[in-house]
Amino acid sequence: MIQSMTGFGKASLQLPTKKITVEIKSLNSKGLDLNTRMPSVFREMELGLRNQLSQKLERGKIDFSLYIEITGEETSSKINVPIVKGYINQMKAVIPNADETELMKMAVRMPDALKTERDEIDENDWKQIQTVIDQSLENMMQFRRDEGVALEKEFLHRIANIMTLMNNAVAYDAERIETVKTRLKTALDELQANVDQNRFEQELIFYLEKYDITEEKVRLENHLNYFIETLAGTEANGRKLGFITQEMGREINTMGSKSNHSEMQKLVVMMKDELEKIKEQVLNVL
């Protein structure tokens, strides 16, 4: 079963003094492009987190965000009392009769008026955060699986269309060959030349072999069936599906160059259109 590279996962946990929220977003990419945003206090956990995300998500442009919202009285920012008093005393020296409340308002806006005390990582806090990360990852994986189901339906529909168009094109084969024979015989008759009939038949067979699309039809049918088989696989197979579509394109192009028949060429164009729609969506498969 295929999965989409596009996905979104979010999970939250409300604690007595804080709310933990994790968001993971994913878009299609050739490889793994992982960006993380989290409070600086948790940066030492980033390497392990990256390993976890890369093993789970494998490919895609991944944006990971960890938000810690303080909902209680706890805060890591403190007033830098000596610095604030120093600012107030300096401003009093400039404006002796200034209102102290106004001086305080100005002082706390000055550089270094607030200091942030670095917290140490609490092991219990990180376990709770890890629980939220695991849940958001599971939500992301479910999103990818759901998108994969929709993609698989789309692929099977397009593959069935190509198969039908191919069979319709092959149905014109006898008519096309007869048209070529008639055209060649008419051209010879107009030349009024004496032609050895056996030699003419031999040359005609050789000529018509160049327009034979039996091999292309067989190979294209094999590629279509292999594509369906790969869709049902259990491993990540987006790149493999891309390679199969390239082979399908080669066979369709060869059929078009050999067709030499207007109705058949129209069907080939329609097959190319269906294949392009498949290629666009294959880029989004994990």
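Only a predicted model underlies this, so the values are computations on that prediction, with no experimental measurement involved. Numbers here are sequence positions counted from 1.
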Q: Quick check on Met270: does its CE atom have over 12 non-hydrogen neighbours (other residues, nucleotides or ligands) under 6.0 Å away?
A: no
Q: If you define the side chain from C-beta out and look only at heavy atoms, does anything of Ile133 sit under 4.5 Å from Trp126?
A: yes
Q: Any side-chain hydrogen bond (donor to acceptor under 3.5 Å, both in side chains) involving residues 161-171? Give me the pairs, sequence neighbours left out, ordered by first then second residue.
A: His157-Asn161, Asn161-Glu274
Q: Considering residues at least two apart in sequence or located in another chain, which fulfil the side chain to side chain donor-acceptor pair (under 3.5 Å) criterion with Glu152?
A: none
Q: Taking side chain to side chain donor-acceptor pair (under 3.5 Å) as the definition, give me every residue that meets it alongside Glu46, ordered by chain and number, with sequence neighbours left out.
A: Thr36, Arg43, Arg50
Q: List in chain and number order the residues that pass salt bridge (Lys or Arg N to Asp or Glu O under 4.0 Å) with Lys10, two or more places apart in sequence or in another chain; answer none if no residue qualifies.
A: Glu23
Q: Show the nearest heavy-atom pair for residues Met264 and Ser259, with the distance to one decimal.
A: SD-CB, 3.5 Å
Q: Say you draw a straight line from CD of Gln55 to CG of Leu32; how long is it, rounded to the nearest 0.5 Å?
A: 11.0 Å
Q: Atom CG in Leu57, atom OG in Ser26: separation rounded to 0.5 Å?
A: 6.5 Å
Q: Tell me the ring-ring contact (aromatic ring centres under 6.0 Å, His included) pairs involving residues 260-286, sequence neighbours left out?
A: Tyr172-His261
Q: Let me confirm one number: the OG1-CD1 distance from Thr230 to Ile2, rounded to the nearest 0.5 Å.
A: 11.0 Å
Q: First locate atom CZ of Phe243, then atom OG1 of Thr245, and finally report the distance between them rounded to the nearest 0.5 Å.
A: 9.5 Å
Q: Once salt bridge (charged side-chain N to carboxylate O under 4.0 Å, His left out) is applied, what residue pairs with a partner in residues 86-95 remain, sequence neighbours excluded?
A: Lys92-Glu100
Q: State, yes or no, whether a side-chain contact exists between Leu49 and Gln130 at a heavy-atom distance under 4.5 Å.
A: no
Q: List the atom of Val94, the atom of Pro96, and the distance in Å for their closest heavy-atom pair.
A: O-CD, 3.6 Å
Q: Arg37 versus Phe64: any side-chain heavy-atom pair under 4.5 Å?
A: no
Q: Between atom OG1 of Thr214 and atom NZ of Lys258, what is the distance when rounded to the nearest 0.5 Å?
A: 8.5 Å
Q: Using the salt bridge (Lys or Arg N to Asp or Glu O under 4.0 Å) criterion, which residues pair with Arg219? Sequence neighbours excluded.
A: Glu215, Glu216, Glu251
Q: For Asp134, which residues count as a salt bridge (Lys or Arg N to Asp or Glu O under 4.0 Å) partner, sequence neighbours excluded?
A: none
Q: Please identify each residue that fulfils side chain to side chain contact (heavy atoms under 4.5 Å, CB included) with Met104, with sequence neighbours left out.
A: Val84, Ile88, Val108
Q: Which heavy atom of Arg109 sits nearest to which heavy atom of Lys105, and what is that distance?
A: CG-O, 3.4 Å
Q: Side chains of Phe8 and Asn139, heavy atoms from C-beta outward: is any pair under 4.5 Å?
A: no
Q: Which value, rounded to the nearest 0.5 Å, describes the distance between Leu165 atom CG and Leu275 atom CG?
A: 11.5 Å
Q: Whether Arg145 and Glu138 form a salt bridge (side-chain N of Lys/Arg under 4.0 Å from carboxylate O of Asp/Glu) is what I want to check.
A: yes
Q: Under the salt bridge (Lys or Arg N to Asp or Glu O under 4.0 Å) rule, collect the residues that match up with Lys266, sequence neighbours excluded.
A: Glu263
Q: Are the side chain of Arg59 and the backbone of Lys30 linked by a donor-acceptor contact shorter than 3.5 Å?
A: yes
Q: Within the structure provided, determine whether Met248 and Leu220 are in side-chain contact (heavy-atom separation under 4.5 Å).
A: yes
Q: Ignoring hydrogens and angles, write down the donor-acceptor pairs under 3.5 Å from the side chains of residues 278-286, residues two or more places apart or on other chains.
A:
| unit_1 | atom_1 | unit_2 | atom_2 | d |
| --- | --- | --- | --- | --- |
| Asn284 | OD1 | Thr6 | OG1 | 2.8 |
| Asn284 | ND2 | Ser4 | OG | 3.1 |
| Asn284 | ND2 | Thr6 | OG1 | 3.2 |

Q: Begin with the C-alpha distance, continue with both residues' side-chain angles, and end with the deciding distance and a verdict on side-chain hydrogen bond (donor to acceptor under 3.5 Å, both in side chains) for Asp146 and Gln142.
A: CA-CA 6 Å; Asp146 293 342; Gln142 188 58 50; 3.0 Å; yes
Q: Per the ring-ring contact (aromatic ring centres under 6.0 Å, His included) rule, what does the pair list look like for residues 87-106, sequence neighbours excluded?
A: none
